[in-house]
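Computed over heavy atoms, backbone and side chain alike; hydrogens, waters and symmetry mates excluded.
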Amino acid sequence: MDKEETKNKAEYFVAIISEFAKRKNLTDKQAYRYLKRYKAIELVDRFYGVMHTQSFRDVINDLITFCQRQGGALV
């Protein structure tokens, strides 16, 4: 992974965490911890190539569903 791709990926992670936080009325820190606990951060890392081509709305919906399947209680 080159420097530009790493930068883009990092910015995407920040944006996803921020959007998730807004959607669930959490702080960015709380959102990160929740997504990390339920392995959603790993999911985004693994499927970044596909996820970054989708809308934030769709990705956040997918992350909510994924976390719930992993035991997350945020509705």
Under a 4.5 Å cut-off applied to non-hydrogen side-chain atoms, are [X] and [Y] in contact?
X: Y38; Y: L74; result: no
X: L43; Y: Q70; result: no
X: C67; Y: L35; result: yes

Run the side chain to side chain contact (heavy atoms under 4.5 Å, CB included) test on I64 and I60 for me, step by step, so that the C-alpha distance in whole Å, both residues' side-chain angles and the decisive distance to 0.1 Å come before the verdict.
CA-CA 6 Å; I64 290 167; I60 299 304; 3.9 Å; yes

Heavy-atom closest pair (G72 atom, Y34 atom, distance to 0.1 Å) is CA-OH, 3.2 Å

Taking side chain to side chain donor-acceptor pair (under 3.5 Å) as the definition, give me every residue that meets it alongside R23, ordered by chain and number, with sequence neighbours left out.
N61

Who are the side chain to side chain donor-acceptor pair (under 3.5 Å) partners of T27, not counting sequence neighbours?
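For T27, the residues satisfying side chain to side chain donor-acceptor pair (under 3.5 Å) (neighbours in sequence not counted) are Q30.
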
The criterion is side chain to side chain contact (heavy atoms under 4.5 Å, CB included); which residues satisfy it with [X], sequence neighbours excluded?
X: N25; value: none
X: F56; value: Y12, A15, I16, E19
X: S18; value: K22, D28

Taking only residues two or more places apart in sequence or in another chain, which ones pass salt bridge (charged side-chain N to carboxylate O under 4.0 Å, His left out) with [X]?
X: K39; answer: none
X: K7; answer: E11
X: D62; answer: none
X: E42; answer: none

How many angstroms lie between CZ in R46 and CD1 in I41, if you round to the nearest 0.5 Å?
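Separation between the atoms: 15.5 Å.
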
Listed partners of Y32 passing ring pair (Phe, Tyr, Trp, His ring centres under 6.0 Å), at least two apart:
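Residues passing ring pair (Phe, Tyr, Trp, His ring centres under 6.0 Å) with Y32: none at all.
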
Ring pair (Phe, Tyr, Trp, His ring centres under 6.0 Å) partners for F66, two or more places apart:
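For F66 there are no ring pair (Phe, Tyr, Trp, His ring centres under 6.0 Å) partners, ignoring immediate neighbours.
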
Hphob cluster co-occupancy, V59 + F47, side-chain heavy atoms under 4.5 angstrom
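Looking at the clustering, F47 is in the same group as V59.
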
Sort and list the pairs that fulfil side-chain hydrogen bond (donor to acceptor under 3.5 Å, both in side chains) and have at least one residue in residues 51-60, not counting sequence neighbours.
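Listed once each, the pairs are S55-D58.
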
Derivation and outcome, side chain to side chain contact (heavy atoms under 4.5 Å, CB included), residues L63 and M51
CA-CA 11 Å; L63 293 179; M51 289 180 136; 4.2 Å; yes

